[in-house]
Every structure is written in C-alpha cells, then in structure tokens.
Protein chains: 2
Amino acid sequence: MTPVSESTDHTGFWMRMVSNAVSQSFARKVETEGVTVAEWAFMRALYDMDPMPPSVLANRMGMTKGAISKLADRLLAKGLIARTESAADKRVHNLGLTREGNAKVPVLASLADENDAEFFSVLTKEEHERLDLILKALAERRGLKTTPVD
Amino acid sequence: MTPVSESTDHTGFWMRMVSNAVSQSFARKVETEGVTVAEWAFMRALYDMDPMPPSVLANRMGMTKGAISKLADRLLAKGLIARTESAADKRVHNLGLTREGNAKVPVLASLADENDAEFFSVLTKEEHERLDLILKALAERRGLKTTPVD
DNA sequence: TCCTTTTCATTGACTAGGAAACTACTGCAG
DNA sequence: CTGCAGTAGTTTCCTAGTCAATGAAAAGGA
C-alpha cells in the first residue's frame, strides 16, 4: 500500500543479516582463543609468508594503514607477531608471526572451517553450492577485491 | 598443500565481502541526503508507525538501548525525529518522525531501491531470485530475527 | 650536494556501537 | 504507606575503525 518499500524487499538486507550472523558466530568462536576476528585475518594474511610491511598488509586486508598500525600494536602486545627492521629502508619494518602466532593459525583456521560448515549446514548441498557460485560471480562481476575480514 | 584453509574457501568470507560492498555503496548514497545508514534504518522503522519508545526500537533494529539512545540524539539534533513524553509513565518517552523526517523517508527508500537494483544488476534474473530464496531460507532456518541495518 | 617532493608509518581526533554502571520512576509486598 | 525490586533510559568506558596531520627517511632534480 505505502509507496515506500520495506527493507525486507532488498537483497542487500538479507545479505547483511546473514553476513552479520556468520561473523558474530565466528567472533564468539575465536574469542575462546583470545583473539578478535580482525586479528585472525591479520595472522592468516601473514601465515606461510615472509614478513611484510604494514602497507602491504593494509592493501591485502582492505584496511587503512592506521588501522593496521593499531592492530599490529595489539598483536605485538599479545606476542603473536614480531617487528623486524628493514635494513635497506629505515622507514620500513616488516611484520611476521612469532612461533606462538604461527602455532595458533591452524587452530583458528579449523575454527573458521567449523564455523562455516556449521552455519551453512541448514542448506542442502545444492543450495550451498549455488550460493557460493552466485556470491563469487557477484564479486567477480562487480570487481570486488578488498579482502574483508572472513 | 598447507593444512590451513584459505579464507576464500569459506562461504562466510564471500558473504561478508559482498555484504560490505552493498552496504558501502548504500552508505555513499544516503550520505548525499545527510544521514547515515543507521539513521535511515531508524527512520524507516518509525515510518507509518505511531511513535514508540526507544526500547521497542532497540528490539526491532537489533541494537542495544544505549546505541538507540545515541542515535536518537543525533536524529533529534537534525530535527528528523521528535520526543514526546508519555503521560502514564514518566520513565518512558516515545520517538516519532517529524514532518521533515517523514518527508525524507520516501526519498531514502528510493535510494535503497536504486542501490539494490544497481548492485545486483550484474546477476541474471534467475541468479538473483535464487540468491534471495537461499538467503531467506538461511535466515529462517537459522532463526535469525534481529533486523540489521539494511 | 642540497633542497624539495614523495613515501612509510604512527598518532590524534572523531564516529559508531556494545556492556555495564547509574538514575529515575513504577509498582508491589508487607 | 513505606520500602524495595524491577524497569526504562542515559551515561561512561571500552573496542575498532577512518581520516587527516605529523615526523622521519628516501629519492630526485638543479
């Protein structure tokens, strides 16, 4: 009746609702390991990689340098990453996982696997596959590149 | 090779990536009307309704009372909503749209329509319908109720 | 070589929201 | 009718992020 559409008319609405729920669920899981979701994303980006400067991480994670800087401070305080000076350029330093940080990644990764499997288990296999395909198509066709926070 | 899964293996990852992109795009649009996405959601919730207390809004919008309280302050300052005291219970007050706020809702709603149509236009009709169905099924089967922010 | 421009990272100010403490009021038990 | 438990809303403190200003170092041009 009203000329004003409902929020629930929009795909974006449902998208966000579901996305929020997955993320929240995951946040609760990683919390048990003493890290936040952003911290997990940071560590995942570093895993299996040579230490890299904040600017590169900012780029990969789709966050600003400022955010990375503060995130790095927190992870340093937790002893999960380490800073190493760059010999060539004194402005630059590299960030890499500590032994402890490195050990934590597989644990967190399996929480991520578990969370995803659990959350989407209410879909049939066919629905789940279809959803993946559509989301990936959307991301590609829209040229989305900034890596969000899992 | 590594036993640690990639973020991109997870449906939740793509979900969030797409969801973020839709929301950002919408945020840019409503910004031209001088409101934030949360403010829009607030106003939409009030549209066509009798004024209601903050606690009800908090419930409907899936936000805490504190957040609503602050959001209401901002909207009051912008003259888009008004507070009316409840006669029966002096703790309670009701929030409703002002004439100006009311007039703004259809404008914002059409921006929401536009944003959704635009963003998902890269999907075929069939893909879009399928996506809607799957998202709604997911929300229902998971019992999601908290209304996010469009 | 020296000066200017650019780049890298950090910092500070600000926005947004959640959790919990706090305030004011209601309403019920005695 | 008094006092106390519960309820509604606000406030404070915290986390997290952006943006813009800043400082330090490198690079490039005259």
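As a basis for the values below, the full set of heavy atoms in this structure was taken, side chains included, without hydrogen atoms, waters or symmetry mates. In what follows, chains carry the letters A, B, and so on, assigned in the order in which the sequence lines appear, proteins first and then strands, with residues in each chain numbered from 1.
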Problem - Phosphate-side-chain proximity, B:Arg74 and C:dC14, N/O vs OP1/OP2 below 4.0 Å - result: no

Practice task
Not counting sequence neighbours, which residues clear side chain to side chain donor-acceptor pair (under 3.5 Å) with B:Asp113? List them please.
Solution key: A:Ser5, A:His10

Exercise for the section: Specify the separation, in whole Å, of atom CE of B:Met52 and atom C1' of D:dA8. Expected result: 16 Å

Practice task
Take the protein atom CD of B:Glu85 and the nucleotide atom C1' of D:dG9, then report the distance between them rounded to whole Å.
Solution key: 11 Å

Exercise for the section: Report the residues that fulfil side chain to side chain donor-acceptor pair (under 3.5 Å) with B:Glu85, sequence neighbours left out, ordered by chain and then residue number. Expected result: none

Handout entry: Nearest-angstrom distance from the residue atom CD of A:Glu31 to P of C:dA19
Key = 10 Å

Fill in the blank from the handout: Contacts of B:Ser110 meeting side chain to side chain donor-acceptor pair (under 3.5 Å) (sequence neighbours excluded), chain-then-number -> none

Practice task
Please report, rounded to the nearest Å, how far the P atom of D:dT15 is from the NZ atom of A:Lys78.
Solution key: 10 Å

Handout entry: By side chain to side chain contact (heavy atoms under 4.5 Å, CB included) - contacts of A:Thr98 (at least two apart)
Key = A:Ala82, A:Glu100

Using a 3.5 Å cut-off and no angle test, enumerate the donor-acceptor pairs between side-chain atoms of residues 62-71 of chain A and protein atoms at least two apart in sequence or in another chain.
residue : atom : partner : partner atom : Å
A:Thr64 : OG1  : A:Ala67 : N            : 3.2

Practice task
Check whether any side-chain heavy atom of A:Val107 lies under 4.5 Å from a side-chain heavy atom of A:Glu33, and answer yes or no.
Solution key: yes

Fill in the blank from the handout: A correct 5'-to-3' footprint of nucleotides 4-12 of chain C, with B, S and - meaning base, sugar-phosphate only and no protein heavy atom under 4.0 Å, is ---BSBBBB

Practice task
Would you kindly give the CE-to-C1' distance between B:Met63 and C:dG18, to the nearest whole Å?
Solution key: 10 Å

Handout entry: Integer-rounded Å distance: D:dT15 C1' and A:Phe42 CZ
Key = 17 Å

